[in-house]
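Keep in mind that what you see is a predicted model, and the values were worked out from it rather than measured. Order of listing sets the numbers, starting from 1, for every ligand and every atom in it.
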Amino acid sequence: MGSLQGKKVILGISGSIAAYKSAILTRQLIKAGAEVQVLMTTAATSFITPLTLSTLSKRDVYVDVSSESGWNNHVDIGLWADAMVVAPATATTLAKLAQGIADNMVVATYLSARCPVFFAPAMDLDMWTHPSTRRNVASLLEYGDTLIPVGDGELASGLVGKGRMAEPEEIVGFLEDHFHKASTLKGVRALVTAGPTHEALDPVRFIGNRSTGKMGIAIADALATAGAEVALVLGPTHLGPQHPAVELIRVRSAQEMYEVCIKRYANAQVGVLAAAVADFRPTQISDQKIKKGGNQGMSIELERTPDIAASLGKTKGEKQLLIGFALETNNEEANARGKLARKNFDFIVLNSLRDVGAGFGHDTNRVRFIHANNKQEQFELKSKAAVAKDIVAAIASYLYQK
Ligand code: C5P
């Protein structure tokens with residue numbers, strides 16, 4: 001069965017001569033087993049009729065946000081879809097998508113869609129190379145959308161160069177590839193920890209750390225994108241996962257995180273421990289706010305928190321994977337290797353606070369994987385989302401070996 005079987009795809013068509021290829025694209029998507037909802041801009045209807053596309057897709061085609069029969073619900077359509085493709089995407093439509101100018105059904109639906117979005121630009125070569133277009137494309141890439149590259153060759157203007165819309169087969173290939181990848185971890189249950197923990201001193205104060213949870217949240221999202229069933233155990237942070245399928249369990253202290261993890265890891269295949277768990281907590285939690293008193297100082301007695309990673313490592317079965325993090329400031333490799341062995345990880349993701357752009361709060365990270373079999377992989381500075389994808393790829397290759 002092909003990867004497009006049963007998938008719900010929105011095809012947004014804007015006004016370019018390449019719109020004539022949309023009929024073939026629609027037909028091929030339908031043949032591959034997808035359900036296709038066509039949306040068109042008014043300009044697109046000058047190049048190809050809605051009747052052609054509704055006949056091929058066997059569904060009504062929407063052009064306006066409202067019609068005589070009422071309001072065409074772009075929110076429902078956006079939430080219905082597994083993927084959205086804007087093809088052809090004209091310079092104007094790229095600008096509207098980048099800026100969120102929702103004056104038509106294609107852009108309004110784009111803003112409501114939670115699914116991955118692909119765009120296949122089509123325009124003349126000078127329009128394609130114009131800084132304005134470049135900036136709009138860069139914005140869409142930044143939002144996480146995928147560019148289906150333009151082709152090179154004869155253009156409708158008679159000029160020859162870059163700007164042709166990708167052929168329908170190529171566009172279908174991009175979608176197939178996406179859905180294939182999205183099912184690599186289908187049925188795999190994963191537990192991810194992220195964020196700091198807060199260890200209470202009294203009802204208003206706590207001991208904490210600077211973790212924001214970004215890295216672990218990105219991993220939870222990437223695992224869910226790959227089809228895994230993800231439970232994210234998240235310490236106190238204002239951030240949260242994007243992927244609607246991630247089950248979010250918010251906790252405060254190391255103890256709470258420990259209790260959830262012990263329960264959840266028992267029936268998970270993968271554990272990724274990216275939380276910056278406090279190592280110590282106050283021995284006593286005052287149930288009243290602690291008063292300053294006189295001018296004397298004060299000391300707080302601390303005790304160890306449970307080591308979640310080490311506990312899960314002890315119970316780890318043959319078919320289970322456990323991945324940990326090491327954030328180090330010195331003796332990076334030796335420290336990471338020590339943790340890898342002590343906590344029974346399959347591999348450990350090492351990041352050094354000495355690297356510019358790596359560690360707490362940044363959107364980027366520079367990591368090294370150290371595997372239990374001594375293999376090492378060093379990566380460049382990348383976005384945390386890209387690092388998360390590398391981690392997911394490593395997890396997938398371990399699972400296929402198990
Ligand atoms: O704190 P430490 O550097 O030992 O953390 C290494 C790894 O162990 C990380 O993956 C972290 O999430 C995990 N850890 C844990 N429970 C603790 C301390 C650390 O799961 N109490």
Worksheet item: Should the heavy atoms of other residues, nucleotides or ligands under 6.0 Å from CZ of Arg250 be counted, would the total exceed 12?
Response: yes
Worksheet item: Can you check whether Lys382 reaches Lys389 side chain to side chain, under 4.5 Å on heavy atoms?
Response: no
Item to complete: Would you indicate whether the side-chain heavy atoms of Arg304 and Phe280 approach each other to under 4.5 Å?
Response: yes
Discussion item. Using a 6.0 Å cut-off, check whether atom CZ of Phe179 has over 12 heavy atoms from anything other than its own residue.
Written reply: yes
Polar pairs, ligand 1 vs protein, N/O only, below 3.5 Å.
residue  : atom   : partner : partner atom : Å
ligand 1 : 3 (O)  : Lys339  : NZ           : 2.4
ligand 1 : 4 (O)  : Lys343  : NZ           : 2.8
ligand 1 : 8 (O)  : Lys343  : NZ           : 3.1
ligand 1 : 10 (O) : Leu273  : O            : 2.6
ligand 1 : 10 (O) : Phe325  : N            : 2.8
ligand 1 : 10 (O) : Phe325  : O            : 3.4
ligand 1 : 12 (O) : Leu273  : O            : 3.2
ligand 1 : 12 (O) : Ala275  : O            : 2.7
ligand 1 : 16 (N) : Ile308  : N            : 3.1
ligand 1 : 20 (O) : Ala309  : N            : 2.9
ligand 1 : 21 (N) : Pro306  : O            : 3.0

Discussion item. Please determine whether side-chain hydrogen bond (donor to acceptor under 3.5 Å, both in side chains) holds for the pair Glu301 and Gln284, giving the CA-CA distance in whole Å, both sets of side-chain angles, and the decisive distance to 0.1 Å.
Written reply: CA-CA 8 Å; Glu301 197 186 330; Gln284 302 283 337; over 6 Å; no
In residues 95-106, what donor-acceptor pairs under 3.5 Å come from side-chain atoms, sequence neighbours left out?
residue : atom : partner : partner atom : Å
Lys96   : NZ   : Asp103  : OD1          : 3.0
Lys96   : NZ   : Asp103  : OD2          : 3.2
Asn104  : OD1  : Val106  : N            : 3.0
Asn104  : OD1  : Val107  : N            : 2.8

